[in-house]
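Atoms within a ligand are numbered from 1 in the order they appear, just like the ligands themselves. What you see is a predicted model, and the numbers here were worked out from it, not measured in a lab.
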Amino acid sequence: MIPAEFEYRAPATLDEALGLLAATPDAKILAGGMSLIPALKHRLAQPPLLVDIGRIAELEGVSVRGGKARIGARTTHATLLRHPDFAEAPIFADTASVIGDVQVRNRGSFGGSLAHADPGADWPAVFLALDGEATLAGPKGRRTLRARDFFVGMMSTALAGDEILTELVLPLETKRAGAAYRKLRQPASGFAVVGVAAQVALDRKGRIDRVAIGVTGVNAVPFRALSVEKRLVGQAPDSAALRALCASVDEVDAVGDLYASAEYRAHLCGVFVARAVVEAIARAARA
Ligand SMILES: Cc1cc2nc3c(=O)[nH]c(=O)nc-3n(C[C@H](O)[C@H](O)[C@H](O)COP(=O)(O)OP(=O)(O)OC[C@H]3O[C@@H](n4cnc5c(N)ncnc54)[C@H](O)[C@@H]3O)c2cc1C
């Protein structure tokens, strides 16, 4: 289908973009367009104005300093896949490499994925497991939001219509710590039927000291598997025992669709939590 008519602006500064959003109710931000353009074509979205943020330099780029990754919201999946600063944090390549196809990875952005909050999107699981923080710019200035407060419903976030997600800050644990993302892809689109990110830190005896697990694709809203995290603390890294402890995830309230019933998704959730945790432990043991 052909989209409804809209105005298009591509400001060069964040202030200009915020001014355009404030002046036009229902205006939409355009990042990579990989989710928004299909929605426009199906007329699921009919904004009067598109504010393209692709020319705002401060929204792009990656830096890793002081144990924290700072990622500009407009940074593409492909940049995160190849970025040399993430050589010691392979969870970024794990995740970016399984998003869609080459075109989607070259155009789609980290911030766009979080803002769109598709229930099958991959980055939300990583954002939750690494306990990230989002910076939002709006007409009243900037505010920050923890990952756990960011996703509020199905395809719905705490971002207001006149705010722009500018940057994501993700703490990276390195000492005896590892993180991994494991996913079952929907075969046509690549979206997650189930996707799990896990970060594990081991104590001096090699037991699990800290663990955080983010899950996407299962419920309508991505979540932290706090019940499993609690069960795993203090456990030895024995794969068989870990698989049993990961098998049931109390937070699951699975959605069923053409690709997987709710029961199958709930089962897969336990399987993929175990896979991500086992790989995160293996990486932690090498760190
Ligand atoms: C064929 C196909 C396969 C895909 N497969 C996968 C997959 O396997 N895994 C996966 O995770 N995703 C997948 N995607 C989605 C893809 O990752 C998108 O890039 C992503 O969801 C949206 O990012 P974008 O930059 O394209 O945002 P856009 O499409 O430009 O925007 C999406 C929404 O977010 C808002 N938005 C964007 N940026 C900001 C910002 N900085 N601040 C506030 N609001 C903002 C927009 O207004 C819009 O409402 C797929 C998409 C396609 C078309």
Side-chain angles (χ1 to χ4, degrees), residues 3 6 8-11 14 17-18 20-21 24 26-42 44-56 58-61 71-81 92 94-128 134-138 142-143 145 150-151 155-168 181-197 214-217 222 259:
F6 55 82
Y8 171 86
R9 301 285 294 276
L14 188 61
L18 289 169
L20 288 166
L21 288 177
T24 314
D26 299 327
K28 276 252 170 218
I29 295 161
L30 176 71
M34 292 293 95
S35 297
L36 184 55
I37 289 175
L40 295 176
K41 285 189 166 179
H42 287 102
L44 295 170
Q46 300 191 26
L49 169 69
L50 285 189
V51 180
D52 186 338
I53 56 172
R55 290 185 193 159
I56 306 175
E58 72 178 278
L59 296 182
E60 284 195 47
I71 303 174
R74 185 62 184 79
T75 306
T76 63
H77 310 312
T79 300
L80 297 170
L81 171 58
F92 288 93
D94 284 353
T95 311
S97 64
V98 292
I99 293 179
D101 51 35
V102 173
Q103 185 189 0
V104 171
R105 294 196 285 274
N106 282 339
R107 295 285 317 163
S109 65
F110 188 73
S113 172
L114 297 180
H116 192 60
D118 189 294
D122 296 288
W123 289 120
V126 176
F127 187 43
L128 284 164
T135 304
L136 318 180
R142 293 186 186 228
R143 64 182 178 124
L145 268 181
F150 188 80
F151 304 102
M155 304 190 87
S156 168
T157 71
L159 261 168
D162 56 1
E163 285 182 312
I164 299 178
L165 178 56
T166 59
E167 184 184 64
L168 293 310
Y181 182 69
R182 290 293 179 266
K183 162 190 189 181
L184 180 72
R185 286 167 65 100
Q186 199 280 323
S189 69
F191 275 102
V193 175
V194 174
V196 179
V215 180
T216 188
Y259 315 117

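Atom CG of D94 and atom NZ of K183 lie 11.5 Å apart (nearest 0.5 Å).
Protein residues having a heavy atom under 4.0 Å from any atom of ligand 1 are K28, I29, L30, A31, G32, G33, M34, S35, L36, I53, A73, H77, V98, I99, G100, V104, G108, S109, G112, S113, A115, H116, A121, D122, L159, I164, L165, K183, S189, G190, F191, listed by chain and number.
Between D162 and L18 the shortest side-chain heavy-atom distance does not fall below 4.5 Å. Residues T75 and S109 fail the side-chain proximity criterion, which asks for heavy atoms closer than 4.5 Å. Side chains of D118 and T216 form no contact here, defined as non-hydrogen atoms less than 4.5 Å apart.
For the pair L20 and P11, the tightest heavy-atom approach, listed with the atom from each and the gap, is CD1-CG, 4.0 Å.
When atom types are taken as modelled, the side chain of T135 and the backbone of L165 share no donor-acceptor pair closer than 3.5 angstrom.
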